[in-house]
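Note sheet for the following structure.
Computed from a predicted structure; not experimentally measured.
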Amino acid sequence: LSIKTRANIVKQAAMASLAKIGDKRAVPALSKILETPADDQDFYLNHEAAIALGQLGDAGGVPALIRGMFMTGRGADIYAQCRVSLLQIGHPAVQPLIDAHQHKNAALEADAKKYEFRPGVIKQKTSLMLGDLRAKEAIPVMQAELKKPQKGDNHLGALICLGMIGDPSTTKDLTGVLTDAKRDFKVRISSAEALNLAGDPAALPTLLQVAKTGDVVKDKEKYPDVRLAAAMSYARLGGAAEAAAFAPAAAAEKAAPEEFKEDAS
């Protein structure tokens, strides 16, 4: 059928019915629709197939949903729909996501080559998804990723993943990135955000120290971006005692006084 044919309405209704019936024998057909490129069908069908697979909640839909996280069609994507559906399926998605993160998913790697994915996007999106799933099995994978060279947003994804998992054993990894002046400042900001997500009080002293002294120096000019991120995470994690400890830093702040005042309140 033509991509624009009105018969696609019938297809959409059929997919919705299959999801409502709940018979998991529909998974292969829905997966096939999800994995069909936008050049060959109305991309909204991919959108609806992704939703239906989540409603069915069967592990058989995981490979198509992982691939769907990276699909686009006529200016649209279905990343959010695939992400929600993978959450609905839950733990069975963990190992396939780790495999994709480690470039062991042949179909996804072929897509990356064909469609020229931006550097690091596979690692970024799979990391965020593993964080959504609070997958502790991914901790060593993310720790190893932080030791590899930065490629696109691979480090950002790993940091946020560790923050969402929130295991205290990774606090040192996150604070280590935050205090590493050789790291890209955006990555250091992400580490502060990850520490906020993790919620480990053990990070508070490091966050306060960075808030006071962690200026980024570029071309002999100082920029407070990392300090601002650390101050915000410190304020969110801390209580009354931390507010008292932060007050002198807020009072002495020159580069971003309003932001520090807000964090102190």
Side-chain angles (χ1 to χ4, degrees), residues 79 118-121 123-132 139 142-265:
Y79 173 62
R118 61 180 170 83
V121 70
K123 289 182 178 290
Q124 178 199 12
K125 287 187 176 182
T126 53
S127 295
L128 294 175
M129 192 67 243
L130 287 162
D132 285 342
I139 288 175
M142 299 301 132
Q143 290 172 320
E145 192 64 35
L146 291 175
K147 296 176 182 178
K148 297 177 182 178
Q150 183 179 352
K151 188 174 184 180
D153 291 325
N154 65 323
H155 288 172
L156 181 152
L159 290 164
I160 300 302
C161 178
L162 291 174
M164 287 193 287
I165 293 170
D167 192 303
S169 68
T170 67
T171 299
K172 287 185 178 180
D173 298 283
L174 300 178
T175 56
V177 173
L178 179 61
T179 56
D180 186 352
K182 295 181 180 179
R183 295 265 190 176
D184 184 295
F185 80 94
K186 293 180 181 179
V187 172
R188 296 176 67 194
I189 289 171
S190 293
S191 69
E193 294 170 353
L195 287 165
N196 173 51
L197 290 169
D200 185 359
L204 285 166
T206 301
L207 286 166
L208 180 58
Q209 184 62 27
V210 173
K212 291 177 178 178
T213 64
D215 277 316
V216 175
V217 179
K218 185 176 181 181
D219 298 328
K220 298 182 180 180
E221 293 287 336
K222 291 183 179 180
Y223 299 91
D225 304 67
V226 174
R227 290 199 301 109
L228 285 167
M232 185 179 295
S233 291
Y234 181 83
R236 289 172 173 172
L237 284 178
E242 285 72 34
F246 187 74
E253 178 61 27
K254 302 297 183 184
E258 292 302 317
E259 290 86 346
F260 268 61
K261 182 179 178 181
E262 184 177 347
D263 290 334
S265 61

*Carefully, step by step, assess Glu258 and Lys261 under the rule salt bridge (charged side-chain N to carboxylate O under 4.0 Å, His left out).*
CA-CA 5 Å; Glu258 292 302 317; Lys261 182 179 178 181; 5.1 Å; no
_side chain to side chain contact (heavy atoms under 4.5 Å, CB included) between Thr171 and Leu195, intermediate numbers included_ = CA-CA 7 Å; Thr171 299; Leu195 287 165; 4.2 Å; yes
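For Glu253, the side-chain contact (heavy atoms from CB on, under 4.5 Å) criterion is met by Arg227, Ala255, Ala256, Phe260, not counting sequence neighbours. Looking at residues two or more places apart in sequence or on another chain, you find a side-chain contact (heavy atoms from CB on, under 4.5 Å) between Glu193 and Ile160, Ile189, Ser190.
Checking each of Leu156, Asn154, Leu159 against Val187 for a side chain to side chain contact (heavy atoms under 4.5 Å, CB included) leaves exactly one that passes, namely Leu159.
Among pairs with a residue in residues 168-188, those fulfilling salt bridge (charged side-chain N to carboxylate O under 4.0 Å, His left out) read Asp180-Arg183, at least two apart in sequence or across chains. Counting only residues at least two apart or in different chains, ring pair (Phe, Tyr, Trp, His ring centres under 6.0 Å) contacts with residues 169-223 are absent.
Between Lys151 and Lys123 there is no side-chain heavy-atom pair separated by less than 4.5 Å. Counting only heavy atoms from C-beta outward, the side chains of Met142 and Leu130 approach each other to under 4.5 Å.
Taking CG of Leu204 as the reference point, atom CZ of Phe246 lies at 12.0 Å (rounded to 0.5 Å).
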Table please: side-chain donor-acceptor pairs of residues 232-241 below 3.5 Å, with sequence neighbours left out.
from	atom 1	to	atom 2	distance (Å)
Ser233	OG	Ala192	O	2.7
Ser233	OG	Ala229	O	3.4
Tyr234	OH	Glu242	O	3.2

Ignoring hydrogens and angles, write down the donor-acceptor pairs under 3.5 Å from the side chains of residues 161-170, residues two or more places apart or on other chains.
from	atom 1	to	atom 2	distance (Å)
Asp167	OD1	Ser169	N	2.9
Asp167	OD1	Ser169	OG	2.7
Thr170	OG1	Asp167	O	2.8

